[in-house]
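The structure displayed is predicted, hence computed values, not measured ones.
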Amino acid sequence: MSTTKTTNGRHGQGRWFLRLSILVVCLFALIVIYVSNQLLTKRFTESISDSSEVRLALYVTNLTSELQRNSVVPQLLARDPELIRALEDRDFSESSDHLLSFVSEIGSASLLLLDRIGETVAATAHDEVGVLHTNEPYFLNALNGDQTVYATTRNADGDFTYVFSRKIEVFGQVRGVIAVEVNSALLQAGWVGGSEAVLVLDSEGQIIMATEPRWRGLTEKEALSDSRNVTFWDVMQRSFRALTGLPADAYLSGEAVLRREARVPHEGWKMVSYTAYASVRERVNGILAIEGMGFAILLAVMFWFMSRKTASRLVFFQRESAELRALNRRLQREIAEREKVEQTLQVAEQTIAQSSKLAALGEMSAAVSHELNQPLAAMKTYLAGARLLLQRERPEEAMSSFQRIDDLLERMGAITRQLKSYARKGADAFEPMDIRAAVSTALAMMEPQLKIRDVNIIRSLPNEPVMILGDRLRLEQVIVNLLRNALDATKGASNPTVEILLAAGDTISLQIRDNGEGIENLDQLFEPFYTTKQPGDGTGLGLAISSGIVGDLGGRLMARNAVDGGAIFEVQLPRLKDHVAAAE
């Protein structure tokens, strides 16, 4: 009897011990989960904070770069001789078209030419001509200053405009004001339409740019204020966020967000971004679920000892415990793989966005402006000659000039159609062509410049066709660019001479040599926007574009200084083998 009581007492003590152990494990699990929640929340929040700061710095850099690029334009246009002559002669018949020629290259929203009283005498938008801007700050500030000034204005529709302006002076007398309106879409490129809320404040705290259009014109406090009544559910949600350790710098539509601020080095501006915490809670919950599963396994084992089930139940729980452990490992691997994929996607998205902006701004705008420069210069020369011939009553010779202008117009149309295929960089438009014909056409294009200056042109071309597989129009443009550079290089020579040598072998070599001063910096010669010419004489894109065209044709463009002075540019292209075989 006493033995039975002792056994029951031991069993009772064992059950109480197991129950106490289960209670201790539960309390320990709550403590571990709470501490893990705090630490993981802090860690992932810091990660989001760092990413937000990096993106904000990128946004500020893009905004500052676009503003600085547009701030240089008024200083350049204020020295434009055609605009100065139009203001002095009060003849603005071609001024608007002249301004339109800069828009695609500059990337601005609009250009305005104002006279001394603030009336628009020329503009890229024809409906602006004749409008008075006498009381506009960018007009008044430009008249009162000697430098380029900036002003932010707001129209009747509530939209903001960002304008750089500068007065135009001739011998100390004010003739007018040139105003450049910055393209707001380029200012906000990269962050409008993203997952973050971004806004830009001026020096007075007014929002002038924002991802939410309804915020513009408000203060930051007014934009963040919620017009809805705070419900009991909203209070409970905010209390829960406070318990889970998520810091709330602000609330947008009831959602806690992280606020980051950066100074914009322009007129006292600053940029503010708001990033949501949704991804933090998901990642923390995933890890907490794994911890909870581990404690659940431990409690399951303890309950198994407490219940003292049969041997079959013991085998069942062991198998179930093994499956749970395998599931735990799979979940850990999946979480690690998802985190790695998310990081890879973020890097890829940033790289694609930056490449798209550089491609759009660098290739298309620069190519269009530079490729059309030569035909436009030739047309201007032919028009001047035709006008002189008509004044001297020589209409037959004038008709010849008009026919050349018509040919140039067709060439400009072909250039614009050709530019559409630049991005493809393929050989679908290539065809067999004779390089000698391309050289002859290029010299015809340069005929107006050759007539103006006394330059000795020496040509050495084979009698037989020199065939390649390529695009004749683009090769002609390369030859024109090289000839024009050679003419510019011989301006200071006593006996200016340009030699054209075409040699055909396994590889075709076309050399253009001048007797100028030579090349100072061969390393940077083919880099975009590098030029040794005076401001306004060149953009520094000719050799960069020419090198790209020759590369597309399967060859290469090289430059070197001659031993006896001057520079040599050599184009090497693969010869068309099929044509050589057929000729033999």
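A salt bridge links Arg69 and Glu66; the closest N-O separation between the charged side-chain nitrogens and carboxylate oxygens is under 4.0 Å. We find that Arg259 and Glu220 are joined by a salt bridge, their nearest charged nitrogen and carboxylate oxygen being less than 4.0 Å apart.
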(request) Using the side chain to side chain donor-acceptor pair (under 3.5 Å) rule, take Glu181 and Thr161 through it: C-alpha gap first, then chi angles, then the decisive distance, then the call. (result) CA-CA 7 Å; Glu181 180 183 345; Thr161 56; 5.2 Å; no

(message) Show, in sequence, the C-alpha distance, side-chain angles and deciding distance for Ile335 and Ile290, and conclude whether the side-chain contact (heavy atoms from CB on, under 4.5 Å) test is met.
(response) CA-CA 10 Å; Ile335 291 173; Ile290 296 175; 3.4 Å; yes

(message) Using side-chain contact (heavy atoms from CB on, under 4.5 Å), reason through Val198 and Met271 one step at a time and then give a plain yes or no.
(response) CA-CA 7 Å; Val198 183; Met271 180 179 288; 3.8 Å; yes

(message) Pair Asp115, Arg90 - check side-chain contact (heavy atoms from CB on, under 4.5 Å), show working.
(response) CA-CA 9 Å; Asp115 60 11; Arg90 302 297 296 176; 3.5 Å; yes

(message) The test is side-chain contact (heavy atoms from CB on, under 4.5 Å); show your working for Trp269 and Met209 and say whether it passes.
(response) CA-CA 11 Å; Trp269 289 6; Met209 300 180 199; 3.8 Å; yes

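In this structure, the side chains of Ile178 and Val73 stay at 4.5 Å or more apart for every pair of heavy atoms. Counting heavy atoms from C-beta on, the side chains of Phe102 and Asp80 come closer than 4.5 Å. Side chains of Val129 and Ser96 form a contact here, defined as non-hydrogen atoms less than 4.5 Å apart. Arg330 places a side-chain heavy atom less than 4.5 Å from the side chain of Leu327. Residues His133 and Thr120 are in side-chain contact: their nearest non-hydrogen atoms beyond the backbone lie under 4.5 Å apart. Contact annotation: the side chain of Phe569 approaches that of Ile519 to within less than 4.5 Å [non-hydrogen atoms, C-beta and beyond].
Atom CD of Gln477 sits about 8.5 Å away from atom CD1 of Ile545, to the nearest 0.5 Å. Here the CD atom belonging to Gln206 is positioned 12.0 Å from the CG atom belonging to Leu199, to the nearest 0.5 angstrom. Here the straight-line distance linking atom CG of Asp91 with atom CD of Glu82 works out to 11.5 Å at 0.5 Å rounding. Put simply, CZ on Phe139 and OG on Ser165 are 9.5 Å apart, with the number rounded to the nearest 0.5 Å. Taking CG of Leu112 as the reference point, atom OG1 of Thr124 lies at 6.5 Å (rounded to 0.5 Å). Separating the CZ atom in Arg85 from the CZ atom in Phe92 is a distance of 12.5 Å, to the nearest 0.5 Å.
The number of heavy atoms from other shown groups lying within 6.0 Å of CZ (Arg154) is above 12.
The closest donor-acceptor contact from the side chain of Ser101 to the backbone of His98 lies under 3.5 Å. No donor-acceptor distance shorter than 3.5 angstrom exists from the side chain of Ser65 to the backbone of Asn62, with no hydrogens or angles considered.
The two residues Ala109 and Val182 have their closest heavy-atom pair at CB-O, 3.8 Å. Heavy-atom minimum distance, Phe160 versus Thr152: CD2-CG2, 3.7 Å. When all heavy atoms of Val163 and Tyr138 are compared, the pair lying nearest together is CG1-CG, 3.8 Å. In plain terms, the two heavy atoms of Thr64 and Pro265 that are nearest each other are OG1-CD, 3.6 Å. Nearest approach of Leu114 to Leu87, heavy atoms of both residues: O-CD2, 4.3 Å. In this structure, Ser546 and Asn481 approach most closely via the heavy-atom pair OG-ND2, 3.1 Å.
Residue pairs meeting the salt bridge (charged side-chain N to carboxylate O under 4.0 Å, His left out) criterion with at least one partner in residues 166-177, sequence neighbours excluded, are Asp146-Lys167, Lys167-Glu169. The ring pair (Phe, Tyr, Trp, His ring centres under 6.0 Å) pairs that include a residue from residues 163-186 are Tyr150-Phe164, Phe164-His266, where partners are two or more places apart or lie in different chains.
Taking Asp127 as the reference, Ala125 meet the side-chain contact (heavy atoms from CB on, under 4.5 Å) condition, with sequence neighbours excluded. For the side-chain contact (heavy atoms from CB on, under 4.5 Å) test, residues two or more places apart in sequence or in another chain that qualify with Ser547 are Phe526, Leu557. In terms of the side-chain contact (heavy atoms from CB on, under 4.5 Å) criterion, residue partners of Glu334 (sequence neighbours excluded) are, by chain and number, Leu331. In this view, Ala57 satisfies the side-chain contact (heavy atoms from CB on, under 4.5 Å) rule with no residue, not counting sequence neighbours.
Applying the side-chain contact (heavy atoms from CB on, under 4.5 Å) test between Leu77 and each of Leu111, Ile84, Leu113, Ile168 identifies Leu111 as the sole match.
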